[in-house]
Amino acid sequence: MSDNSAATPRLADVSPDGKRWIAETLFDDLGIRMSYRVDKVLYEARTAHQHLVLFEQPFFGKMLMLDGATQITAADEFIYQEMMAHVPLFAHGDARDVLIIGGGDCGIAEEVLKHKTVKRLTQVEIDATVVEFAKKHFPEFAKPVFADQRFASVIDDGMKYVAKCAATTGRRFDVIIIDSTDPQGPGKVLFSRKFYAACKRCLNKGGVLVTQNGVPMLQPRELLASVSAFRRLFADGTCYLAAIPTYVGGHMAMGFATDDRRLRQTSGKMLAARHRRAGGFSTKYWTPEVQVAAFALPRFIADLVAKAARR
Ligand code: SAM
């Protein structure tokens with residue numbers, strides 16, 4: 001994957017009818033570009049860490065891109081946010097202290113705080129602009145999150161934060177969720193072995209680490225590298241899947257690592273009971289059956305995971 005962290009989505013694309021289009025440039029090196037017609041640019045800035053643009057899209061609604069990569073859209077965010085939050089929490093079964101690295105849009109934080117069994121949630125985001133921007137443009141997430149006593153927002157590099165936890169503060173978590181950008185720019189270090197090793201040292205016994213791990217069809221190396229690191233650090237390392245329309249390329253992989261091999265085999269019946277205990281809140285994508293099925297990998301992805309395990 002080429003490092004195009006300086007890329008700025010070209011707003012230059014104007015169709016013959018005068019409509020503006022924004023292109024996702026994440027897969028330029030693969031010769032793949034997805035373009036979105038723009039009804040209105042709501043916000044655009046170069047922050048201390050990356051290029052940020054938010055626009056109204058006729059079908060997907062509000063769309064956020066960072067450095068030419070789609071982060072979140074109003075229409076399909078629920079799929080990714082629910083699967084990144086509920087799968088590790090229900091697999092664990094008794095998670096009280098949760099850490100999110102990245103996630104500045106507060107979408108996953110909002111899902112985690114739906115679990116009344118969670119006692120404390122810390123979010124460590126490198127870019128303060130993204131958090132301030134979420135308060136203004138994604139109040140549906142940020143408002144309930146910042147109003148919740150259990151929530152703490154930290155502005156820091158995720159690598160530095162977990163290194164500090166592991167070395168000094170002694171802070172430990174039951175679940176760590178890495179809702180990062182892709183392995184370019186500030187997000188690159190969050191796909192490194194030293195980062196995963198530091199995360200492991202910050203987990204309580206039986207803790208779970210989940211990661212945003214790209215789309216295997218277009219980003220196979222990302223999944224290979226992460227799962228191979230997981231297998232060296234944890235008793236169990238694999239991924240689970242969901243299809244998110246604006247994460248172009250088919251299945252989206254979410255890395256899953258823990259020392260408790262039983263967790264990903266938790267039965268649908270047990271997951272349903274844990275959902276009730278957590279408050280039985282409504283969901284639009286996650287169900288106990290979807291969680292069980294998400295770990296059933298198609299052959300080409302299972303082969304990638306097996307190859308990673310042999311590395
Ligand atoms: N769901 C999106 C995806 O799959 O691409 C990610 C959404 S979230 C907005 C990604 C966040 O990770 C961004 O706000 C970015 O600033 C943050 N981030 C990137 N590198 C980071 C780092 N080293 N430490 C903490 N946060 C980081």
Side-chain angles (χ1 to χ4, degrees), residues 3-11 20 22-26 36 38-57 60-77 80-81 84-85 98-113 121-148 151-164 176-192 195 211-212 214 244 246-247:
D3 183 352
N4 58 357
S5 56
T8 302
R10 283 175 333 121
L11 281 181
R20 298 172 69 178
I22 287 184
E24 173 160 52
T25 55
L26 181 63
Y36 298 93
V38 178
D39 278 351
K40 187 172 175 228
V41 173
L42 300 170
Y43 182 89
E44 182 170 11
R46 172 154 290 285
T47 77
H49 300 277
Q50 51 212 339
H51 175 268
L52 186 160
V53 61
L54 177 78
F55 56 98
E56 265 307 330
Q57 208 282 326
F60 288 109
K62 273 186 295 192
M63 266 186 91
L64 169 67
M65 279 194 188
L66 291 174
D67 281 347
T70 302
Q71 302 295 307
I72 186 172
T73 84
D76 65 2
E77 56 79 21
Y80 173 80
Q81 320 280 27
M84 285 288 279
V98 179
L99 172 65
I100 296 174
I101 301 280
D105 54 67
C106 296
I108 291 181
E110 194 237 351
E111 294 297 335
V112 169
L113 292 169
L121 171 62
T122 306
Q123 179 177 280
V124 179
E125 162 62 55
I126 196 168
D127 196 335
T129 312
V130 174
V131 177
E132 288 319 305
F133 156 90
K135 286 179 183 169
K136 183 152 182 269
H137 295 283
F138 287 105
E140 62 271 36
F141 306 141
K143 209 152 181 273
V145 164
F146 278 87
D148 195 311
F151 180 71
S153 171
V154 176
I155 301 299
D156 196 355
D157 174 4
M159 178 70 238
K160 290 198 186 113
Y161 183 84
V162 290
K164 252 180 295 179
I176 300 179
I177 300 171
I178 314 302
D179 179 24
S180 71
T181 40
D182 290 274
Q184 59 183 24
K188 200 168 185 151
V189 69
L190 304 183
F191 290 79
S192 66
F195 175 68
T211 58
Q212 183 275 90
I244 295 134
T246 53
Y247 292 168

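Count residues from 1 along the sequence.
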Side chain to side chain contact (heavy atoms under 4.5 Å, CB included) for V53 and Y43? Distances and angles first, verdict last. CA-CA 6 Å; V53 61; Y43 182 89; over 6 Å; no
Which residues share a side chain to side chain donor-acceptor pair (under 3.5 Å) with [X], sequence neighbours left out:
X    : answer
E24  : T70
E132 : K135
E125 : none
T73  : D76

Which atom of [X] lies closest to which atom of [Y], heavy atoms considered:
X    : Y    : result
G103 : I100 : CA-CG2, 4.3 Å
D67  : Q184 : O-NE2, 3.6 Å
Q123 : G102 : CG-O, 3.5 Å
A23  : M65  : O-SD, 4.1 Å
A142 : A134 : CB-O, 3.8 Å
G187 : T181 : CA-OG1, 3.6 Å

Side-chain donor-acceptor pairs under 3.5 Å in residues 153-160, sequence neighbours left out?
unit_1, atom_1, unit_2, atom_2, d
D156, OD2, K164, NZ, 2.8
D157, OD1, M159, N, 3.0

Not counting sequence neighbours, which residues clear ring pair (Phe, Tyr, Trp, His ring centres under 6.0 Å) with [X]? List them please.
X    : value
F141 : F138
Y247 : Y80
F151 : F146

Do D39 and R20 pass the side chain to side chain contact (heavy atoms under 4.5 Å, CB included) test, and can you show the C-alpha distance, the side-chain angles, and the key distance before you say yes or no? CA-CA 8 Å; D39 278 351; R20 298 172 69 178; over 6 Å; no
Less than 4.5 Å apart, any side-chain heavy atom of [X] and any of [Y]?
X    : Y    : value
L113 : V145 : yes
Y161 : T122 : yes
Q57  : V38  : no
I22  : M63  : no
I177 : I101 : no
L99  : V162 : yes
I178 : F195 : yes

Working for side chain to side chain contact (heavy atoms under 4.5 Å, CB included), residues H51 and L66: CA-CA 5 Å; H51 175 268; L66 291 174; over 6 Å; no
Under-4.0 Å salt bridge between K62 and E77: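 No, K62 and E77 are not salt-bridged.
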Would you please classify the geometry between the F60 ring and the Y36 ring as parallel, tilted or perpendicular, with 30° and 60° separating the classes?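 It falls in the perpendicular class, over 60°.
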Working note: D105 + Q71, criterion side-chain hydrogen bond (donor to acceptor under 3.5 Å, both in side chains); need CA distance, chi angles, decisive distance, verdict. CA-CA 9 Å; D105 54 67; Q71 302 295 307; over 6 Å; no
Just jot down the salt bridge (Lys or Arg N to Asp or Glu O under 4.0 Å) partners of E56, sequence neighbours excluded, or say none.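 So E56 forms no salt bridge (Lys or Arg N to Asp or Glu O under 4.0 Å) with any residue.
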Quick check for you: to the nearest 0.5 Å, what is the distance between I126 atom CD1 and H49 atom NE2?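 Reported to 0.5 Å precision, the distance equals 4.5 Å.
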Verdict with supporting geometry, E111 and M84, side chain to side chain contact (heavy atoms under 4.5 Å, CB included): CA-CA 9 Å; E111 294 297 335; M84 285 288 279; over 6 Å; no
